[in-house]
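Here is the structure we will look at, set down as C-alpha cells.
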Amino acid sequence: MRPFAYERAADAAAAVALLAAHPRAKPLAGGTNLVDLMRLGVEDPDTLVDINRIDFGGIDDLEAGGIRVGAGVRNSDLAGSLSVRVKFPVLAEAILAGASGQVRNMASVGGNLLQRTRCLYFTDTTKPCNKRLPGSGCPAIAGSSRELAILGASPSCIATYPGDMAVALSALSASVNFLTLDGEREMAVDDFYRLPGDRPELDTNLPAGAVITGITVPSLAAGVRSTYRKARDRRSFAFGLVTLAAALHIEGGIIVDVRLAFGGVAHKPWRATRAEALLRGSAAEIERFEAAIDAELAQATPTEENAFKVALLRRLVVGTLVDLSLEAAP
Ligand code: SF4
C-alpha cells in the first residue's frame with residue numbers, strides 16, 4: 001500500500017472542505033472495499049478523510065411514510081431495523097444477501113453505494129483495464145466475462161455493479177442525499193449510477209468532492225409485496241450472478257404497480273422500465289410476466305460466456321412474480 005495522509009472530519013462540511021483541499025483524497029467510512037483496493041494498488045488516494053465520527057443521522061421514519069437513513073448507519077443496523085423490515089422487506093433482504101455478518105457490521109450505507117466492480121481485470125494491476133486506467137483497453141470483452149454485463153455495456157467496459165442494497169433502492173425509487181461545496185443535493189438512485197459509455201472510469205454521477213449524507217426511501221402503498229432474490233455460485237459471501245429486487249401491488253387480479261430492478265447484469269442497478277410498463281394495468285398472469293421479461297431482455301447483448309444469465313434472469317423474474325402474486329392473492 002502506498003503512503004497516504006490521514007485527516008478526521010468533525011462534520012460533513014469539514015469533510016467536503018478537506019476533499020476540496022485534497023483533490024486525490026477519498027472519504028473513509030467502513031473501509032470494507034476502499035482499503036482492500038488500496039492494498040491491491042487499484043485505489044491510490046493521497047489522503048483519507050475519516051468520516052466515521054460525523055453524525056449523519058440514524059434511521060428516521062418520515063411523516064409521508066418513507067424513511068431517511070444517515071450515511072454512517074451500518075448495513076447490519078439498517079437490515080435489522082424494524083421499520084425497514086416492516087415497510088421495505090426487499091431492502092432488508094437485499095442487505096442480508098450481501099457480504100458476511102462481519103462485513104455488514106463494518107460497512108456503511110454511504111460506502112455500500114460506492115463499492116466498485118469486482119471485474120477480475122479491474123483488481124489485477126498487471127492487466128489493462130479502461131476503468132482503472134482509461135484508454136488501456138478492456139481485456140474482459142474477449143476474455144473472462146462470465147460474471148459481467150448483459151445489459152447496457154459499451155465497447156469500453158462490460159463491468160457489473162456488484163452490490164445488493166442499491167438494487168433494492170432502485171426498485172424503491174429511493175434517492176441519495178449528498179453535500180457539495182454548493183450545498184445539499186438529492187439525486188434519484190437511477191440517476192446516481194451510470195452506464196459505462198466511453199467513460200467507464202466513472203461509476204456514478206456523484207460530483208467530485210461530494211460527501212454522501214444519507215438516503216431517502218419513499219413509502220410504498222399498502223398491499224405491496226416485495227422481495228429480493230439472488231442467484232449465485234454459492235449460498236453465502238458471494239456476489240450475485242443475477243439478482244432481482246421486486247415489488248408487486250395487485251388489486252382484483254390487476255397489477256396496479258410493479259417495480260423490477262436487476263443486479264449483476266449491468267454497470268448499474270438495472271431498472272426494468274420496459275417490463276414494468278407492460279405489466280402495469282395488466283392481469284397478474286404468468287404469460288404476462290413472461291412477455292414482460294422477454295421484452296426487457298430483448299435488449300440484452302451477452303457474451304458467449306455469460307449468455308446463461310439471460311435465461312437465469314428470466315426464470316428468476318417469472319418465478320418471483322408468480323410467488324409475489326400468490327402472496328397477494330386474497
Ligand atoms: Fe476493466 Fe470494465 Fe473491462 Fe473489467 S469490463 S476489464 S472493469 S474496462
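Remember, it's 1-based here, ligands and their atoms both numbered in the order they're listed.
Taking a cut-off of under 4.0 Å to the non-hydrogen atoms of Tyr121, the atoms of ligand 1 that pass are 6 (S). With ligand atoms numbered from 1 in the order given, ligand 1 contributes 8 (S) to contacts under 4.0 Å with heavy atoms of Ser156.
Taking atom 2 (Fe) of ligand 1 as the reference point, the nearest protein heavy-atom neighbour is Cys157 SG, 2.4 Å. Closest protein heavy atom to atom 4 (Fe) of ligand 1: Cys119 SG, 2.3 Å. The protein heavy atom nearest to atom 5 (S) of ligand 1 is Ile158 N, 3.2 Å.
The nearest N, O or S atom of Cys129 is not closer to atom 4 (Fe) of ligand 1 than 2.8 Å.
Using modelled atom types, no side-chain atom of Asp36 and backbone atom of Asn33 make a donor-acceptor pair closer than 3.5 Å. With hydrogens and angles ignored, the 3.5 Å screen pairs a side-chain donor or acceptor of Ser136 with a backbone N or O of Cys129. Arg232 places a side-chain N or O within donor-acceptor distance of the main-chain N or O of Arg235, the cut-off being under 3.5 Å. Judged by distance alone, with hydrogens and angles left aside, the side-chain atoms of Asn130 form no donor-acceptor pair with the main-chain N or O of Pro200 at under 3.5 Å.
Of the listed options Cys138, Ala149, Ala140, Cys138 places a heavy atom closest to atom 3 (Fe) of ligand 1.
Looking at Asp50 and Tyr6, their side chains do bring a donor and an acceptor atom within 3.5 Å of each other.
Within a 6.0 Å radius of CD in Glu304, no more than 12 heavy atoms belonging to other residues, nucleotides or ligands are found.
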